[in-house]
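Structure first, then comments.
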Amino acid sequence: MANVSLKHIYKVYPNGVKAVNDFNMDIEDKEFIVFVGPSGCGKSTTLRMIAGLEDITAGELRIGDEVVNDVEPKDRDIAMVFQNYALYPHMTVYENMAFGLKIRKVPKEEIHERILEAAKILSITEYLDRKPKAMSGGQRQRVALGRAILRNPKVFLLDEPLSNLDAKLRTQMRSEIAKLHEKLQTTFIYVTHDQVEAMTMGSRIVVMKNGVVQQIEKPKDLYRYPVNKFVAGFIGTPQMNFFEATLTNEGDKVRIKFLNTTNEILVPDEYFLKVKPEYIDGKTVVTIGLRCENISFKPEDLEGADALLNVKISHLEELGTETLVYGDLNMDGDGFTESNTRVIIKASGEEEFTKGSVVKAAFDLKRMHIFDKETEETILPRLPKEMALPCEVRANKLILAGNEIALPKAMHTADCDGKVIIPVEAISFGGELMTTVVKVEQVNKQYLNYLKLNDRYLFVVTDEPLELNKEISISIDPKMMKIVSFNNEVIVDSLPLINHIPAKFLKVKELDTITGKNGKLKKKHVFNFKFDVEGVIYPSPDTISKKVIGALDVKAFDSPYSIDVSPYDLKIASEGIPAEVEAQLDYGTEHFLQVMVNGNKYIVRSDEKLEGNVHLALDINNAGVTETKINMKLV
Ligand code: ADP
């Protein structure tokens with residue numbers, strides 16, 4: 001039994017393929033984790049790195065409390081089951097199962113007992129005397145599972161174990177593996193390209209694409225709250241319907257215009273509170289997603305529905321208890337080919353439909369998804385990261401929803417109209433802005449609170465829900481605010497929270513004093529690792545050197561890096577990196593200096609009103625290190 005933790009895990013194959021890109025996850029003891037995604041997305045590579053069959057380019061892998069990057073596969077306490085079960089054909093099932101234990105010199109009686117126990121769990125007791133060729137694929141795969149069970153591992157790794165089996169057997173083995181997990185109470189990590197397998201087996205699912213984790217979520221939440229169009233389309237059959245549309249603000253309503261159709265609806269703006277205003281401008285094309293079960297023809301759903309649309313029915317798939325109705329929102333569309341107007345609707349098997357007819361359908365907007373057409377990210381996130389609110393600047397006061405907020409000196413600018421972008425974490429309780437709690441949503445273990453500031457909404461994430469209708473005073477951290485024009489040109493930027501300082505990694509031959517065998521001190525040449533940061537040499541801490549060389553090997557000395565350090569960790573000192581003060585940034589309660597080093601701009605927290613030449617002190621032990629050519633976060 002063990003937890004598995006992956007921190008900034010990367011895999012770059014020698015041919016340059018970046019198969020896994022910054023994989024981060026904490027897998028708890030006894031979880032059933034499924035890695036899912038299309039072929040080539042990096043699932044197997046990740047699993048093989050956990051197994052120790054593939055070197056980890058960068059990052060830290062722990063099984064239990066131990067870092068296992070350099071631990072041999074056989075010492076990792078894992079068992080792996082592959083798609084090809086690789087049984088020895090000349091041995092019986094019993095001998096196949098006993099083989100590994102015999103090699104490890106487990107006593108004969110113990111082997112016998114453990115095989116009988118495993119055979120019982122997998123219902124293969126009656127086949128123990130058979131040779132593999134006299135068994136079906138499903139039975140052979142069970143033997144392979146049996147071999148894995150016998151090792152009594154802390155973690156089970158399964159790589160597409162069912163893909164050689166026919167559909168019926170796959171369904172059966174699926175529930176058997178789930179049962180096995182239940183019985184063994186061990187951590188399982190399972191790789192598949194089949195989303196149904198993932199949804200039915202996983203306690204949590206990791207969706208991957210092009211080496212990048214897209215989302216990690218429980219099956220139900222993954223289905224209900226996909227973070228992007230890829231996940232939305234990958235999970236669920238039939239696939240989610242996607243339509244292109246524009247959104248226009250009309251008072252307390254929003255008009256949705258479905259492109260390439262005559263369908264237009266006016267709906268309450270409460271469905272769009274999380275959507276940034278730039279998307280509700282009547283021009284920007286967005287992708288609206290709705291699953292087939294969230295569209296209905298039933299009279300009780302049509303009555304009082306917020307969104308009624310005309311659908312031209314093209315054809316039906318009658319499946320007995322339910323009927324999949326294919327149609328188009330475009331009256332000239334054919335409903336057969338996938339398009340941004342084609343719609344699939346799940347109706348009950350009792351309902352009758354006429355091909356070619358045009359009928360009204362109710363769209364359940366509470367279940368609606370909206371994606372940015374370009375980035376494909378959701379613009380209706382469960383937990384918004386930031387808000388964008390219309391604002392004005394007049395005489396260095398920010399006018400936001402009827403409130404005046406004095407801008408600190410560092411943000412002074414000419415009068416303008418635009419939007420202010422506010423990260424959710426910029427809001428804190430206590431302050432001069434009065435808001436009312438109007439809505440609270442639970443999201444996993446946190447709460448999203450909607451605070452109404454006159455006619456606008458602000459979001460705050462808390463661990464305990466705020467009381468509904470309560471008046472709450474808040475303040476907004478000015479240094480995190482960004483003011484932009486309506487065309488998204490930056491007028492006043494937020495203060496960068498991280499400085500990226502370019503650096504080189506060096507191996508330096510130095511004369512060192514060491515204690516010899518006879519106890520006497522003597523001089524000896526040694527190699528030390530250093531960072532050249534803006535021309536100043538810093539010793540590289542051992543932990544960092546190990547990670548850099550582990551990831552890049554000999555290329556470590558030719559690669560470019562950035563040392564990533566917050567303004568709070570970069571200090572003004574009497575010696576260090578020579579810099580020139582360009583500006584004193586006054587944020588009211590906090591002060592910073594903007595300094596230049598070799599044409600690069602950095603921010604330093606300092607209350608001193610300094611000018612001219614200064615030095616910057618850097619604590620590499622508290623800094624992040626990123627390789628900047630392939631963009632790999634090492635520390
Ligand atoms: P999946 O298991 O999701 O199908 P893989 O982890 O097998 O994906 O592969 C991820 C990517 O890495 C693919 O682009 C694949 O071509 C590449 N890849 C896999 N193994 C190697 C290898 N030994 N050498 C180079 N590239 C590889």
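Note: hydrogens, waters and symmetry copies are ignored here, and every other heavy atom, side chains too, is used. We count ligands from 1, going down the list as the structure has it; atoms in each ligand are counted the same way. In what follows, residues are counted from 1 in the order of the sequence shown.
Applying the ring pair (Phe, Tyr, Trp, His ring centres under 6.0 Å) rule to Phe505 yields the partners Phe529, Phe531, Phe557; only residues at least two apart in sequence or on another chain are considered. With sequence neighbours excluded, the residues forming a side chain to side chain contact (heavy atoms under 4.5 Å, CB included) with Thr375 are Asp372, Glu377, listed by chain and number.
Under the 6.0 Å distance and 45° angle rule, Lys43 does not count as a cation-pi partner of Phe35. In this structure, Arg151 forms no cation-pi arrangement with Phe156, as its terminal cationic atom is not both closer than 6.0 Å to the ring centre and no more than 45° off the ring axis.
Around ligand 1, the residues contributing at least one heavy atom under 4.0 Å from the ligand are Tyr13, Asn15, Val17, Ala19, Pro38, Ser39, Gly40, Cys41, Gly42, Lys43, Ser44, Thr45.
Side-chain atoms of Thr628 and Ser562 include no donor-acceptor pair closer than 3.5 Å.
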Under 3.5 Å, which donor-acceptor pairs link side chains of residues 115-123 to any protein atom two or more places apart or in another chain?
none

